[in-house]
There are 4 protein chains.
Amino acid sequence: MAGVNKVILVGHLGKDPEIRVIGNDRKVAKFTLATTETYKDNSGQRVESTEWHNVEFWGPIADVIERFLKKGSQVFVEGRIRTRSYDDKDGIKRYVTEIVGQNMTMLGGKPSGGGGANESPAEYNESTFTPTKANNSYGAKPASRDTPPPFAQADPGEDDLPF
Amino acid sequence: MAGVNKVILVGHLGKDPEIRVIGNDRKVAKFTLATTETYKDNSGQRVESTEWHNVEFWGPIADVIERFLKKGSQVFVEGRIRTRSYDDKDGIKRYVTEIVGQNMTMLGGKPSGGGGANESPAEYNESTFTPTKANNSYGAKPASRDTPPPFAQADPGEDDLPF
Amino acid sequence: MAGVNKVILVGHLGKDPEIRVIGNDRKVAKFTLATTETYKDNSGQRVESTEWHNVEFWGPIADVIERFLKKGSQVFVEGRIRTRSYDDKDGIKRYVTEIVGQNMTMLGGKPSGGGGANESPAEYNESTFTPTKANNSYGAKPASRDTPPPFAQADPGEDDLPF
Amino acid sequence: MAGVNKVILVGHLGKDPEIRVIGNDRKVAKFTLATTETYKDNSGQRVESTEWHNVEFWGPIADVIERFLKKGSQVFVEGRIRTRSYDDKDGIKRYVTEIVGQNMTMLGGKPSGGGGANESPAEYNESTFTPTKANNSYGAKPASRDTPPPFAQADPGEDDLPF
DNA sequence: TTTT
DNA sequence: TTTT
């Protein structure tokens, strides 16, 4: 017990996401995500290195991905690492490591394609579309992400603050 | 839009958590958490610096905290930063910054106090005790944290892997 | 000991960054960062909530911020929480919580203003401009962020992978 | 450009770490890390799921791992995901995904084995043992993790705060 | 006010 | 192969 398995990525989609529906109504969106880092090698040369991640999202977020993300889209992804095994065509056990997404935030620029009016497609997590009742089981005003308690917004640029 | 506000802390509780019930059944658990870092100053001297965080958890996790955490407990906390404003006794607007917890994992050591049999108190998040139905609205086997899709466990130490 | 104090933010600058030089050559860049989250309240209404963070970066990254960031820029920030106390104009001890930045990544869109040719201003961390020698003390090919070991780039879309 | 590739894990070592010295003085420490999560399946049954991660640390942290970590040790790991390809014994290109560690914090429990007097082995990052000069290139009091600026410690439990 |  |  007592484990944490968290991944945070910011990158661009390598291709349009691939959407599959499994069974009756389980939708999964898969895409590859490139995270590129720049560093200097031993000779002081600036080098670029790209890592490719296999990302998948299940449930309502898959709908959002289908509608708003495409090749080249920049996204923030939060998820967990999962390594699966499978047997390849020669019957040899092989492994693949994927990111099972939990939250997704679209970055840099307005969404395009498919989007209806009055949408705010920028940010999503596993409970985005969960009926309100779902989290209401423990009180009238649960302080979950879905319904934070009211608070006055601090403006950190005010007179008395030394910032 | 398109925001991310995430905090990850590992530290020890400075005091026993303070539990309050607001209204009928909204419970909140508050505690201060010390995160201590060690570094070397300019003279090469090892220096220790402790930051204190005001942490609060709402809902079912508050029950867990009440039962299992106490002064000195080591915990992993995931949450978000929230700055509230309020008027002090002289009517001056002041600010306080707190961590609104979303996940909590108990670290290092057995829980003590209050714990019943067959409990596994180590890890909690906002939906830990949500009735199963809550997340079932989008399919028979939602891939949420509560019900990940089945997968074979990879053994990364096998023959053919160069690790 | 044994502490972790980590903050991850994605948001937009509320104003142009403020640059100060302290002493001879210590530069600090400060800005306010808005992280906006959208959620549904108890009545199912979509509500937007913005948190403002006071962020500061020291050292070489401050130069980058001065050159490339301005009001409205979207950035990824990694840092730690620090609460300082100070005496206000009435001699009352007050507190302010800030994010001391460690890494910064510019998001969504090309940088503008001041940028020279052939620059890759997108990503920065505390050691970005550290002389190569600094990390070389432990070997010819240190595996630090600055000089990862060579590796072939996997293309996760290949034949034999079930992704 | 503009990428983020970050992994945060809390788990237990499956075996004693494996230490290798490459070339003259490059040391690498490798271990497998189990992150276990508990959730409820569709029937409300509590289910436990363990993910195994291949983790490696280079440089001075490898020394620390060699001395203080062993099978069963609980650690916090921060790093990045890296997928390498290699040719297996049949000449087939295969992939392995690993975590390249950047920071490590020992959790819960005293270190054992090898530890000298006056050591504080709990927390480590890539620059822990970097000579002080390394980060001093940009000022007398760099605000890096190694030498944060001085600040008064806030006590959030004071009179006037509503916490 | 924690911890090592 | 860990841990509770």
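Values reported hereafter were calculated over all heavy atoms of this structure, with side chains retained and with hydrogens, waters and symmetry mates removed. This one's a predicted model, so the numbers in the text were calculated from it and none came from an experiment. Every chain is numbered from 1 and lettered A, B, ... according to where its sequence line falls, protein lines coming before strand lines.
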Starting at atom [atom1] of [X], determine the distance to atom [atom2] of [N], rounded to an integer number of angstrom.
{"X": "D/Glu51", "N": "F/dT1", "atom1": "CD", "atom2": "P", "answer": "17 Å"}
{"X": "D/Trp52", "N": "F/dT3", "atom1": "CH2", "atom2": "P", "answer": "9 Å"}
{"X": "D/Ile99", "N": "F/dT2", "atom1": "CD1", "atom2": "P", "answer": "20 Å"}
{"X": "B/Glu37", "N": "E/dT3", "atom1": "CD", "atom2": "P", "answer": "18 Å"}
{"X": "B/Lys71", "N": "E/dT3", "atom1": "NZ", "atom2": "C1'", "answer": "12 Å"}
{"X": "D/Gln74", "N": "F/dT3", "atom1": "CD", "atom2": "P", "answer": "11 Å"}
{"X": "B/Asp16", "N": "E/dT3", "atom1": "CG", "atom2": "C1'", "answer": "15 Å"}
{"X": "D/Lys70", "N": "F/dT3", "atom1": "NZ", "atom2": "P", "answer": "11 Å"}

Could you give me the CA-CA distance, side-chain angles and deciding distance for B/Asp88 and B/Arg94, then say whether salt bridge (Lys or Arg N to Asp or Glu O under 4.0 Å) is met?
CA-CA 6 Å; B/Asp88 72 9; B/Arg94 301 186 65 169; 3.5 Å; yes
Is the base of F/dT2 touched by the side chain of D/Thr32 through a donor-acceptor pair closer than 3.5 angstrom?
no
Could one point to a donor on the side chain of B/Thr50 or the base of E/dT2 with an acceptor on the other under 3.5 Å away?
yes
Consider the side chain of D/His12, meaning its heavy atoms from C-beta on, and name the nucleotide among E/dT1, E/dT2, F/dT3 that approaches it most closely.
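Among E/dT1, E/dT2, F/dT3, the one nearest the side chain of D/His12 is F/dT3.
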Side chain of D/Thr36 - closest among E/dT2, F/dT1, F/dT2:
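Given the options E/dT2, F/dT1, F/dT2, the side chain of D/Thr36 is closest to F/dT2.
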Determine, for D/Glu98 against D/Arg84, whether the closest basic-nitrogen to carboxylate-oxygen distance falls under 4.0 angstrom.
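Here D/Glu98 pairs with D/Arg84 in a salt bridge, since their nearest N and O are under 4.0 Å apart.
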Contacts of C/Asp87 that satisfy side chain to side chain contact (heavy atoms under 4.5 Å, CB included) - sequence neighbours left out
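Testing C/Asp87 for side chain to side chain contact (heavy atoms under 4.5 Å, CB included), a comparison that skips the adjacent residues, returns C/Lys93.
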Just checking D/Gly72: base, sugar-phosphate only, or nothing, at a heavy-atom cut-off of under 4.0 Å?
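The residue D/Gly72 makes sugar-phosphate contact but no base contact.
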Looking at D/Glu78 and D/Ile8, what are the two nearest heavy atoms and their distance?
CG-CG1, 4.3 Å
